[in-house]
Amino acid sequence: MRIVDLLKKDAVVLHADVSTKEQMLDLLIDLHSKVGNVSDKAEFKKGILQRESEGPTAIADGICIPHSKNSAVKQPGIAAITVPQGVDCDALDGQPSNLFFMIAAPAEGSDVHLEALSRLSTILMDASFRERLLKAEDVDTFLKDIDEKETEKYGGAKEKKDIVEAPEAPATGYRVLAVTACPTGIAHTYMAAEALEEKGKELGIPLKAETNGSSGAKNVLTKEEIAACDGIIIAADKNVEMARFDGKPVIKVKVSDGIHKPQELIEKVVNGEAPIYHHQGGADTGASEGDGEGIGHQIYKHLMNGVSHMLPFVIGGGILIAIAFLLDDYSIDPSNFGMNTPVAAFFKTAGNASFGFMLPILAGYIAMSIADRPGLMVGFVGGYLANAGTTFASAFNSDISVISGGFLGALFAGFVAGYLVLLLEKATEKLPASMDGIRPMLIYPVIGLLGISVIMLAVNPFFSWLNQLLSNGLNSLGGANSIVLGLVVAGMMSIDMGGPFNKAAYVFGAAALASQSDSGYMIMAAVMVGGMVPPIAIAIASWAFKSKFTDNDRKAAPVNAIMGLCFISEAAIPYAAGDPLHVIPSCVVGSAAAGALSMAFGCTLMAPHGGIFVFPVVGNALMYIVALLVGSIIGAVMLGLLRKPAAK
């Protein structure tokens with residue numbers, strides 16, 4: 001089966017008018033439904049979103065391949081769109097994606113279509129081919145280019161038996177071997193194999209890659225090849241058979257590293273930098289903890305898993321609470337502001353309910369990132385106890401007042417819960433195999449619950465004290481201190497536009513907002529204005545300093561300005577990536593100035609997101625606009641002065 005057999009003409013849209021990831025996914029799902037590939041759009045979308053939650057399907061280089069093996073799929077198929085202006089899909093290289101192929105694979109039945117899907121993933125690694133697809137003016141040309149590329153790579157009518165054919169072994173054997181695998185085994189698996197084999201050819205180092213795809217292992221490594229090679233690269237995000245590599249040098253990394261770092265991985269093996277692998281029995285994962293990523297990256301990954309699941313509760317609840325304040329009558333009862341009128345009380349109640357889940361969600365998904373599903377319940381309970389501030393004293397005496405451990409307590413609970421469950425898994429791994437079903441259903445939840453409850457009731461007094469100390473400190477901020485704080489958090493929003501610094505500042509603002517205090521509202525205002533500045537500053541600079549920007553830069557300026565007004569800092573990423581030494585410092589200075597002014601003017605914000613759409617709930621809104629304008633102009637002028645004239 002060839003790619004064009006799965007990609008029907010009516011399932012292709014060129015130059016699609018979408019601007020968000022959600023719009024992109026909905027359009028592709030609609031195309032699948034239109035050509036009869038899926039029987040239940042809602043069920044298919046559920047599968048697509050589930051795969052997205054496991055990690056970005058936006059590879060890099062503008063490629064995004066959302067996919068799902070799904071019971072709602074009637075027949076295998078592909079839907080495709082091009083979006084020249086790009087869509088932010090959390091790609092691994094931080095760049096917008098503009099070439100989208102959504103793969104619909106049936107949950108059961110023949111796997112004959114998987115060859116075509118693997119071929120698509122492989123040929124998309126060719127940059128010139130991707131460029132041709134983006135420039136295609138009509139669907140017929142688009143399909144013709146795909147068919148010609150497939151023929152060039154794999155030949156014509158003759159179908160190959162294996163998804164990835166084993167290259168002919170050189171007389172000296174393969175110096176480097178690889179195994180690639182991803183959770184669904186459809187796209188990333190074959191892209192990593194192709195990248196490694198092509199880089200091996202380029203470096204003159206014979207390399208063979210085994211793919212653990214949906215239809216099983218292909219291009220399987222033999223005992224003789226393993227014995228003779230210099231080392232093995234495991235680029236996988238799921239379990240692979242590891243016992244065969246005992247005693248050999250092995251590098252274990254994420255499948256994305258196989259796609260983006262093939263030369264680095266190959267050179268580590270050839271240079272003897274791969275550690276010797278010793279198999280200890282049982283299943284082993286490709287990208288294990290500690291392999292291919294440092295401790296700091298692991299902690300950040302676990303933290304971001306919790307934060308990403310928490311943010312919808314923060315944003316949804318925060319905006320509803322802000323609406324409640326907007327609709328309420330302060331004069332009725334100032335002490336009950338937000339609940340004085342029925343309409344306001346409705347919004348405040350709903351918003352508070354969402355806020356109530358915020359910390360348990362944070363802790364639960366941090367724990368799940370560490371210990372998989374067994375950690376989820378233990379983390380939830382730890383987060384709940386941190387939020388409640390329950391101690392041994394208050395548990396035995398209801399008259400004793402408690403103070404919530406807050407955000408810091410929930411962070412602690414999430415990490416402790418995750419590693420507690422890992423400890424239980426390690427402690428029970430030598431139990432008889434007949435008890436394997438009892439471990440996740442009885443031992444982990446019961447002992448995990450008892451353990452996290454004891455720990456949190458013991459440490460909650462410390463976190464309650466620390467949280468109260470921080471709250472008092474924030475509430476006492478004034479004058480120069482608050483200005484410095486606003487300068488720092490707003491400047492952090494522009495350091496990496498969506499990266500660790502940006503997220504750290506935003507999470508700090510969201511945590512301050514949850515305190516529902518004036519100082520917390522001021523911090524949130526400074527954070528948001530800092531995130532709005534970079535795209536607006538770049539847009540202003542492109543208009544005021546035309547010679548410093550290309551025609552394409554200036555054409556994109558209006559969109560950049562709009563995205564900045566909507567508090568989408570990521571709109572500045574393409575400019576920052578192309579000219580980081582000039583763009584990033586300019587944006588940081590502009591954002592820092594805006595945040596400092598917002599604090600100096602006493603501006604407050606009761607919503608955690610929304611840009612200009614939540615300006616009606618901003619305290620001292622006029623001066624907030626002044627802070628935004630001044631910061632944007634400072635950033636624009638600095639950028640215009642620093643940049644060199646653009647090439648004609």
Side-chain angles (χ1 to χ4, degrees), residues 59 111-112 114-125 153-154 160-170 172-203 205-270 274-277 279 282-288 291-292:
I59 317 296
D111 285 336
V112 67
L114 290 177
E115 179 173 357
L117 300 183
S118 70
R119 289 181 176 187
L120 173 64
S121 304
T122 302
I123 63 178
L124 284 173
M125 299 300 290
K153 178 76 176 176
Y154 296 99
K160 298 194 176 188
K161 183 178 180 180
D162 286 341
I163 290 180
V164 177
E165 288 284 355
E168 184 179 349
T172 55
Y174 296 103
R175 291 191 63 188
V176 180
L177 301 177
V179 180
T180 64
C182 64
T184 53
I186 293 177
H188 297 61
T189 299
Y190 306 109
M191 299 179 84
E194 174 74 3
L196 287 164
E197 288 187 347
E198 288 299 317
K199 184 56 69 173
K201 291 178 184 177
E202 181 182 319
L203 297 174
I205 299 172
L207 184 148
K208 176 182 176 181
E210 171 185 311
T211 55
N212 284 198
S214 291
S215 59
K218 302 294 181 183
N219 208 16
V220 177
L221 309 179
T222 67
K223 290 182 180 179
E224 293 77 14
E225 290 166 346
I226 295 171
C229 74
D230 291 352
I232 301 100
I233 298 167
I234 308 296
D237 291 338
K238 69 172 187 177
N239 291 350
V240 299
E241 176 53 50
M242 295 293 295
R244 53 189 166 153
F245 304 132
D246 187 44
K248 296 294 295 185
V250 174
I251 296 176
K252 296 190 288 182
V253 297
K254 298 168 290 186
V255 70
S256 59
D257 287 347
I259 298 172
H260 300 294
K261 303 176 181 178
Q263 181 168 341
E264 176 184 329
L265 298 175
I266 293 170
E267 288 177 346
K268 280 186 177 180
V269 171
V270 173
I276 302 299
Y277 173 73
H279 189 66
D284 202 340
T285 58
S288 62
D291 291 314

Identify the two heavy atoms, one from [X] and one from [Y], that lie closest to each other, and give their separation to 0.1 Å.
X    : Y    : result
A193 : T211 : CB-CG2, 3.6 Å
A192 : T180 : CB-CG2, 3.7 Å
A235 : G258 : CB-CA, 4.0 Å
I251 : A274 : CG1-CB, 3.5 Å

Salt bridge (charged side-chain N to carboxylate O under 4.0 Å, His left out) partners of K199, counting only residues at least two apart: E202

Distance from [X] atom [atom1] to [Y] atom [atom2], nearest 0.5 Å?
X    : Y    : atom1 : atom2 : result
I266 : D230 : CD1   : CG    : 12.0 Å
E224 : I226 : CD    : CD1   : 9.0 Å
L196 : D257 : CG    : CG    : 10.0 Å
E210 : K218 : CD    : NZ    : 11.0 Å
L177 : E225 : CG    : CD    : 6.0 Å
I259 : E194 : CD1   : CD    : 11.0 Å

salt_bridge(E264, K268) N-O dist < 4.0 Å: yes

Take R244 and I232 through the test side chain to side chain contact (heavy atoms under 4.5 Å, CB included) and record every step on the way to the result. CA-CA 11 Å; R244 53 189 166 153; I232 301 100; over 6 Å; no

Using atom types as modelled and distance alone, determine if a side-chain donor or acceptor of K208 lies under 3.5 Å from a backbone N or O of V220.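 Checking the backbone N and O of V220 against the side chain of K208, a donor-acceptor pair under 3.5 Å is found.
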
Quick one: are Y277 and I234 in side-chain contact, heavy atoms under 4.5 Å? no

Candidate pair L203 and R175, rule side chain to side chain contact (heavy atoms under 4.5 Å, CB included), full reasoning: CA-CA 12 Å; L203 297 174; R175 291 191 63 188; over 6 Å; no

